[in-house]
Amino acid sequence: MKELMLGNKAVARGLYEAGVCFISSYPGTPSTEITEEAAKYPESEIYCEWAPNEKVAMEAAFGASLAGRRAFCAQKHVGLNVAADPLYTMSYTGVNAGLVIGVADDAGMHSSQNEQDSRHHAIAAKVPMLEPADSAEALDYAKRAYEISEEYDTPVLLKMCTRVAHSQSIVETGERTVPEKTYTKDIAKYVMMPGNAKKRHPFVEERTKKLIAYAETSGINRIEQGDGSTGLGIITASTSYQYVKEIFGDRVAILKLGMTNPLPVQMIRDFAAGVKRLIVVEELDPIIENHVRSLGLKVEGKELFPICDEFSQNLIAEALGEPVPAGKTLDVQIPGRPPVMCAGCPHRGLFYTLKKLDCTVLGDIGCYTLGAVAPLSSIEMTLCMGASIGAAHGFNKVLGEKAAHRTVAVLGDSTFMHSGMTGLANVAYNQSNATVIILDNSITGMTGHQQNPTTGFNLRGDPAGRIDLEALCRAMGFERVRVIDPYDLADCERVIREELDEDAPSVIISRRPCALLKHVKHKPPLTVSNDKCVGCKSCMKIGCPAISLKPSDKTKTGVLSCIDQTLCVGCGVCTQLCPVDAIHGKE
Amino acid sequence: MSNRRETKNIMIVGVGGQGSLLASKLLGYLLLHEGYDVKVSEVHGMSQRGGSVVTYVRYGDRVYSPVIDRGEADYIVSFELLEAARWLPYLREGGRIVTNTQQIDPMPVITGAAQYPADLVARMQAAGAQVDAIDCLALAEQAGSAKAVNVVLLGRLSHYFDIPDKAWQEALAALVPQKFLELNQKAFTLGKEA
């Protein structure tokens, strides 16, 4: 059946058809929907779960492969850094049943903290990597990856990027078949201590040679000869292939790579011999280009195309001297529309308080990173998952007590379970006076509401084990564990002050569910009394998208506050800021 | 020959949370059933939090790129006036903007750091765009729900397409829950006849 399918959903379909029985992932844009879509198949066919982090997810998938069932895990590019440790040694052990690892890059950083190129991991770990260019290939390559995994005894990386993951194109679906293997004890293969690993490393090197032969002849990399009218020969992969085809159609010869590690050698030499000008078009780092150059071939690449940001058809056209349509321009500046914390977001009251107390706020990865944006402008550092606690420890150790009395680490419940716990262990063990604030909104918010070990529900929304944050922190040695409601500004301020002043490490749990969760009941929207409002703009300090100013000749400042009745969820944080009691709920 | 002249491009733009998902789903369904190759592309994640969002719908005999670039859009369908103006550079020569006249202040305007520009429809027309600006929110409310702005916009867009009304109605019936179908049919017609 033909249907229009999201790239990530097509991967999930491919996993289903390939007979995958086990998926463990940690959510991360743009990879999240692979696991969510796979979870829509019956649990009796594919078991799907959210793991606390990518390393645990990959190890779980490895265990399932070892047991003889085809397994999968997905993550975003930076998640693969977390899981790099098992990956690099799984390359040595190989697999039992097929094991495929989905990784989604985010060129253009639509929702990421860096723009790293995951192909480096494939090269360094010495595992094959497939890169689909649309949904049909996503489905096909997902299935193909399992054949490669089992035939060559290797985990296989399936690399998506934002534009393939989040684009819908037409696919044809097939049937599911489930190949199973039995587990047999094999210490020499699966116990990677030096004596055994020494024997497996040559296996890995031999495997790469065999995979290069596969790259040359299997058809996963293909040549489109074109009509020869331009003399150009372009080597490309993934979404870059689509941009090249968009501009040139059949006017160029193309070597379209479906497998970007290991790369073919003879195929590239033959392709280069048949063209007048050889060009590599690839987003991010010059990996294919460097390989082609290492073969002694004359090639152009990054002197024409940028390393930074994602490509588009116009970018390719401009770099290669093709016409580019002129866009229309307006004679007026269009103000930006950056993302903002939602109306009623529980993080808002907390960041307002931290700013008021002039705290040094070391932040983390999640919606709450928006606490760095005006007017809250509170967060001063964001690095990677869990780094807030690790960094707060080091910050306070070198700057001493004075800094410790005003420095806080801030991270979400899911981020805390992902890799904040180990940072907290360091604070407990090496005794720094850190104040850690866990923003417990009872969900993984940024990636679109995934459950985590603190919520009490699993991926399918069924009841599951629940980790008690307070009990966990106490068990780790924190005597001071406080819980606050971020909608109550006075209480927030009092508790944070107390814990900053104390000469002991503490954990403050700022607890209030995400305002977008369906089960959260909101109060009616608030209104501003025009008779009372003096236009002092106090309510504007929290950056709520529901509050704006309208011109008025009644006030000294010439404005009155006004609350959008479709956006306001009645959280009441603004009412606590109003000095003249002008904001009220409906009578 | 370049492929780009054969492919038609529709951009759906708005503010995160305004409901552009149904609009792109419906167009994708419709065009697929009309026998076209189709690609629909959107971005998830951080930008959805009240930020500027864009969805690309492309169709033709063979569609390659999943995105629409500057100067390529045949239609820009906009849920909000400022967003129509923001994406104007993406409109091709002779292209048309179909926009809701609703205005939603972005944070820089809310905080007073910037101003919401006046006379945007006239300015876009002066820049050479054909602009079809209608109060979709009022029409949606007339149909029975403010949430039907997306379907009002699609009704208006359908006005410019050679696709029979029957096919649009079938797509609507396939994608809208039964209990809201009548409301959405009304919203579609109000948009089409606006």
Side-chain angles (χ1 to χ4, degrees), chain A residues 2-4 29-30 32-33 110-112 134 162-164 166-170 239 241-243 245-251 312-315 322 324-342 367 369-370 373-375 446-448 540 543 545 547-549 566, chain B residues 1-4 7 15-17 24 28-29 32 37-52 56 63-67 69-72 82-83 85-86 88-93 104-117 120 123-124 126-129 146:
Chain A
K2 262 190 175 181
E3 57 182 302
L4 200 54
T29 313
T32 312
E33 300 83 4
H110 296 280
S111 196
S112 300
D134 58 22
T162 297
R163 294 301 179 188
V164 176
H166 287 165
S167 294
Q168 300 171 51
S169 55
I170 296 169
T239 189
Y241 164 81
Q242 308 290 7
Y243 303 141
K245 288 294 282 186
E246 185 73 33
I247 295 302
F248 290 102
D250 293 330
R251 291 184 295 133
S312 69
Q313 49 267 37
N314 282 357
L315 182 139
E322 292 289 312
V324 175
K328 301 180 186 306
T329 45
L330 271 191
D331 58 353
V332 65
Q333 191 76 27
I334 302 295
R337 193 185 297 275
V340 290
M341 283 180 193
C342 308
C367 289
T369 310
L370 292 171
V373 178
M446 179 86 272
T447 44
M540 300 302 290
I547 310 176
S548 59
L549 299 172
T566 62
Chain B
M1 258 303 290
S2 162
N3 181 65
R4 51 194 0 194
T7 301
V15 179
S24 62
Y29 181 95
L32 182 71
D37 185 20
V38 186
K39 282 191 176 169
V40 178
S41 187
E42 59 212 25
V43 167
H44 307 195
M46 181 70 103
S47 60
Q48 288 179 303
R49 302 283 171 265
S52 172
Y56 307 104
V63 179
Y64 289 106
S65 171
V67 298
D69 216 330
R70 260 167 199 270
E72 287 191 332
L82 186 67
E83 294 309 309
R86 182 187 316 288
L88 177 75
Y90 282 70
L91 196 69
R92 76 164 170 79
E93 205 52 56
I104 300 174
D105 288 347
M107 195 47 72
V109 171
I110 290 176
T111 59
Q115 286 219 318
Y116 198 107
L120 281 175
R123 284 176 197 273
M124 289 190 286

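Below, each value reflects all heavy atoms present in this structure, side chains not excepted, and no hydrogens, waters or symmetry copies. Note on naming: letters A, B, ... go to the chains in the order of the sequence lines (proteins, then strands), and numbering restarts at 1 for each one.
The shortest distance between side-chain heavy atoms of A:Arg337 and B:Glu83 falls below 4.5 Å. Residues A:Ile547 and B:Ile110 are not in side-chain contact: their nearest non-hydrogen atoms beyond the backbone lie 4.5 Å or more apart. Using a 4.5 Å heavy-atom threshold, the side chains of B:Thr111 and A:Met540 count as separate.
Scored by the salt bridge (charged side-chain N to carboxylate O under 4.0 Å, His left out) test, A:Glu3 finds no partners at all (sequence neighbours excluded).
Smallest separation of non-hydrogen atoms from B:Arg92 and A:Lys328: O-CE, 3.8 Å. Residues B:Leu82 and A:Ile334 come closest through the heavy atom pair CD1-CG2, 3.8 Å. Of all non-hydrogen atoms in A:Leu4 and B:Leu32, the two that sit nearest each other are N-CD2, 3.8 Å. In this structure, B:Pro106 and A:Gly336 approach most closely via the heavy-atom pair CB-O, 3.3 Å. The shortest heavy-atom contact between A:Pro335 and B:Gln115 is CG-O, 3.5 Å.
Only the side chain of B:Ala114 comes within contact range of chain A, judged by heavy atoms closer than 4.5 Å.
When A:Glu246, A:Gln242, A:His166 are each tested for a side chain to side chain contact (heavy atoms under 4.5 Å, CB included) with B:Pro66, only one passes: A:Gln242.
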Q: Show your reasoning for whether side-chain hydrogen bond (donor to acceptor under 3.5 Å, both in side chains) applies to A:Ser548 and B:Asp105.
A: CA-CA 8 Å; A:Ser548 59; B:Asp105 288 347; 4.5 Å; no

